[in-house]
Amino acid sequence: MKKKGFLLLNLIAALVLLLSACAPAGGAGDVIKVGGIAELTGDIPAVGASFKNAAEMAVQEVNDAGGLEVGGKKYKIQLIIEDNAGKADQSASAAQKLITQDNVVAIIGPNASRYAIPASEIAESSSVVLISPWSTNPKTTINEKTQSAKKYVFRACFIDPFQGRVVAKFAMENLGAKKAAVLYDVASDYNKGIAEFFKKTFEESGGQVVAFETYTTGDKDFTAQLTKIKDANPDVIFLPNYYSEVPLQIQQAHRLGITVPFLGSDSWGSSELISLCGTDCEGYYFSTHYAADNASPVAVKFIEAYKAKHGATPDDVAALTYDAFGLLWQALQTAGKVDRQAVRDALAKIPKYEGVTGVMQFQEGSGDPIKSAVILQIKNGAFVFFANANP
Amino acid sequence: MIYILQQSLNALQLGSIYALIALGYTMVYGILTMINFAHGDLFMVGAFFCFIVATFFKLPFIPTLLISMIGVGLLGVTIERVAYRPLRQAPRVSAVITALGVGILLESVMLVIYPYPQSVPTLLPNITWTIGGVTISLLQIIIILLSLGLMLLLDFIVRRTMVGMAMRAISWDKSVVPLLGVPLNLVISATFALGTSLGAAAGVMYSQAFPVIDPYMGVLIGWKAFISAVVGGIGNIRGAMIGGFILGGVEIMVAAFMPSTYRDFVAFTLLLILLIFRPYGILGQPRPQKV
């Protein structure tokens with residue numbers, strides 16, 4: 001009996017091995033399998049929802065046009081989206097599942113840096129391309145041990161040092177700030193990274209960071225830190241935090257009698273921010289990837305199509321997700337075959353891609369595109385274009 | 001000086017919310033020697049009750065508060081009846097696991113209804129005064145006074161009424177007191193109703209002070225309130241109040257005078273040291289174990 005069970009197990013194992021060995025990566029026949037990892041549930045579900053909307057749209061457009069032509073043959077795209085539930089470990093296991101079980105040719109996502117970093121480790125060690133649309137922390141594409149660029153990890157957005165620099169320069173030049181305060185989530189890679197880069201640039205340019213305060217994910221009471229910030233009397237307060245927390249921070253600051261302007265980063269750019277914040281966020285600025293009201297022809301086409309399909313203006317996550325897919329289509333076409341390694345090599349050398357979020361370019365040896373940022377202002381409950389910031 | 005006063009005000013606000021939730025833990029423990037780990041999630045349900053009543057029925061603050069307290073109180077009684085009562089004779093660990101399960105159930109149900117964080121409408125006018133450099137808001141005053149009022153009311157109920165006397169008697173001895181004609185189940189239900197409705201009141205005030213709510217909001221707060229109850233001496237009602245204010249005070253003051261990254265680290269180290277010297281909590285008494 002025992003032996004029989006063992007035999008059966010062996011047989012299954014052999015079968016699994018055989019199957020996985022036979023199937024070519026990316027799917028058999030006329031289908032290309034693409035994986036997606038998104039924050040569909042958890043603490044930032046609006047990000048996951050935008051990702052899903054834009055991803056399905058990008059894939060549907062290709063399929064409606066008869067498929068993607070790669071090496072003279074038309075392929076249909078099959079999209080497999082995994083939910084990471086807003087957890088780092090689930091992001092890694094989702095990447096593992098997509099690579100080994102679903103056999104995808106490449107992965108798009110996750111979006112937030114704290115989930116993109118663990119998933120990128122899996123992709124890198126399995127030699128599968130991963131493009132994160134929205135992860136701006138440098139660690140996503142850099143191997144921390146060797147300090148060299150990861151070979152298989154790319155992103156569609158700019159990185160935090162650039163964004164921190166843009167906001168710091170904006171605070172000094174446009175708002176005339178000399179003293180700044182920062183409140184950020186010390187338990188999240190994105191917030192921590194951008195806060196530090198802001199501080200560095202602001203101080204190097206002759207400014208003074210008078211308060212550098214922290215909290216941890218899940219905190220709702222920021223009164224102690226904000227009272228400290230008020231006591232330090234800054235000209236401007238920088239909140240590089242997610243849209244679900246920023247409204248609480250600003251409302252509590254207002255209740256403590258703080259009146260100086262607030263600045264934010266691309267994590268503010270969800271329409272949820274306005275519905276959670278009410279009028280409290282009115283007049284404040286943040287840096288982000290694109291402005292829906294100052295769009296290029298490519299972007300206008302995307303925005304119209306998105307509005308028609310989902311009934312809302314696409315936020316930056318949606319735009320970047322769409323661009324991440326666009327980059328993958330271009331890489332597949334340049335590669336001329338459905339092969340993980342060929343896709344990676346083509347992607348690494350994309351000379352120019354005109355996306356919704358602007359023109360981007362990859363250079364061999366870096367997964368970070370060269371592209372520009374915009375500053376938006378919150379005006380009458382909408383995000384309004386304010387200024388451009390070039391690399 | 002102004003700075004210290006301002007921070008003390010912050011501490012009072014946070015502390016009164018911790019204290020209100022801690023009362024729920026301590027009351028249930030006092031009467032059943034069981035830790036109701038679903039209490040933090042009942043607090044969350046209270047906040048969502050407030051959100052629903054205020055958004056869809058557009059009621060003002062007081063009716064919203066009362067409806068939430070009654071609604072969650074009934075929910076607490078139902079949970080006790082359905083989930084905890086059948087396990088009253090079972091090993092204590094089964095009841096604790098059930099409580100954890102009920103908590104996760106509440107979170108998951110709420111997650112199905114409201115997967116996104118929700119914004120709670122403000123029910124109180126946003127008025128702030130600046131007195132000698134200290135900024136104080138109407139909301140802060142209401143939270144602090146209402147919490148103190150509810151705590152005094154509870155203290156009165158437990159110490160001066162028949163129900164309260166029955167509660168104290170049953171917490172002293174669960175096997176003999178019912179033989180003297182005290183309706184055990186009714187008293188336990190009353191305890192749950194009181195404890196959970198206080199949690200709901202905390203939820204309503206919390207959602208007014210911090211108006212972005214989500215189904216997981218009760219987890220961290222629940223743990224902290226539980227710790228407050230232990231620090232004050234679990235099972236002791238006045239202890240829970242003191243514990244809540246101590247934890248709120250320590251958290252705010254550490255963030256106020258040290259780098260805010262040290263907050264939880266220093267706060268909880270201090271509480272651990274306190275428990276080493278007073279293992280039963282500040283007002284807790286060692287109970288002789290009857291064999």
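Reminder, nothing fancy here: chain letters follow the sequence lines and each chain counts from 1.
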Measure distances from [X] to the heavy atoms of chain A and classify the residue's part below 4.5 Å as side chain, backbone, both or neither.
X: Glu251(B); result: neither
X: Pro259(B); result: backbone
X: Ile136(B); result: neither
X: Ala256(B); result: backbone
X: Thr128(B); result: side chain

Practice item. Sort out for me which of Val186(A), Asp219(A), Thr216(A), Leu183(A) touches chain B most, counting heavy-atom pairs under 4.5 Å. Key: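 Most heavy-atom pairs under 4.5 Å with chain B: Asp219(A).
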**Study point:** Among the listed options Thr214(A), Leu226(A), Leu256(A), the residue most often paired with chain B at heavy-atom distances under 4.5 Å
**Key:**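 Answer, by heavy-atom pair count under 4.5 Å with chain B: Thr214(A).
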Taking the side chain as every heavy atom from C-beta outward, state whether [X] and [Y] have any atom pair closer than 4.5 Å.
X: Thr41(A); Y: Pro115(B); result: no
X: Tyr3(B); Y: Lys228(A); result: yes
X: Thr223(A); Y: Leu14(B); result: no
X: Ser275(A); Y: Ser119(B); result: no
X: Gln252(A); Y: Phe210(B); result: yes

Check your understanding: Applying a criterion of heavy atom separation less than 4.5 Å, what residues of residues 214-222 of chain B form contacts with chain A?
Key ->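 So the qualifying residues are Asp214(B), Met217(B), Leu220(B).
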Just wondering, more than 12 heavy atoms not from [X] lying within 6.0 Å of its [atom1]?
X: Tyr262(B); atom1: OH; value: no
X: Lys200(A); atom1: NZ; value: no
X: Lys309(A); atom1: NZ; value: yes
X: Phe56(B); atom1: CZ; value: yes
X: Glu144(A); atom1: CD; value: no

To the nearest 0.5 Å, tell me how far [X] [atom1] sits from [Y] [atom2].
X: Lys220(A); Y: Ile17(B); atom1: NZ; atom2: CD1; answer: 11.5 Å
X: Asp280(A); Y: Asn126(B); atom1: CG; atom2: CG; answer: 7.5 Å
X: Asn10(B); Y: Asp221(A); atom1: CG; atom2: CG; answer: 7.0 Å
X: Thr261(B); Y: Phe212(A); atom1: OG1; atom2: CZ; answer: 9.0 Å

Review point. Where do Arg255(A) and Pro211(B) come nearest, in terms of heavy atoms and distance?
Key: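 Here Arg255(A) and Pro211(B) meet closest at NH2-CD, 4.5 Å.
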Review point. So, for Tyr116(B) and Ala49(A), which heavy atoms are closest and what is the spacing to 0.1 Å?
Key: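 In this case the closest contact between Tyr116(B) and Ala49(A) is OH-CB, 3.4 Å.
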**Study point:** Interface moiety of Glu245(A) toward chain B, non-hydrogen atoms closer than 4.5 Å
**Key:**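 Neither part, no heavy atoms under 4.5 Å.
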Point to revise | Segment of Pro45(A) engaging chain B (4.5 angstrom heavy-atom cut-off) | key: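 For Pro45(A), the contact with chain B is made by backbone and side chain together.
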Point to revise | Worked verdict on Lys230(A) versus Thr135(B) for side-chain contact (heavy atoms from CB on, under 4.5 Å) | key: CA-CA 11 Å; Lys230(A) 189 189 174 195; Thr135(B) 309; 3.0 Å; yes
Exercise for review: Could you give me the CA-CA distance, side-chain angles and deciding distance for Ser260(B) and Glu213(A), then say whether side-chain hydrogen bond (donor to acceptor under 3.5 Å, both in side chains) is met?
Suggested key: CA-CA 6 Å; Ser260(B) 33; Glu213(A) 294 299 313; 2.6 Å; yes
Exercise for review: Count the heavy-atom pairs under 4.5 Å between each of Arg263(B), Gln13(B), Gln118(B) and chain A, then report the option with the highest count.
Suggested key: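 Of Arg263(B), Gln13(B), Gln118(B), Arg263(B) has the most heavy-atom pairs under 4.5 Å with chain A.
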Practice item. State whether the side chain of Thr227(A) and the backbone N or O of Gln6(B) hold a donor-acceptor pair below 3.5 Å, judged by distance alone. Key: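 Not at all, since once roles are kept as given, no pair shorter than 3.5 Å links the two residues.
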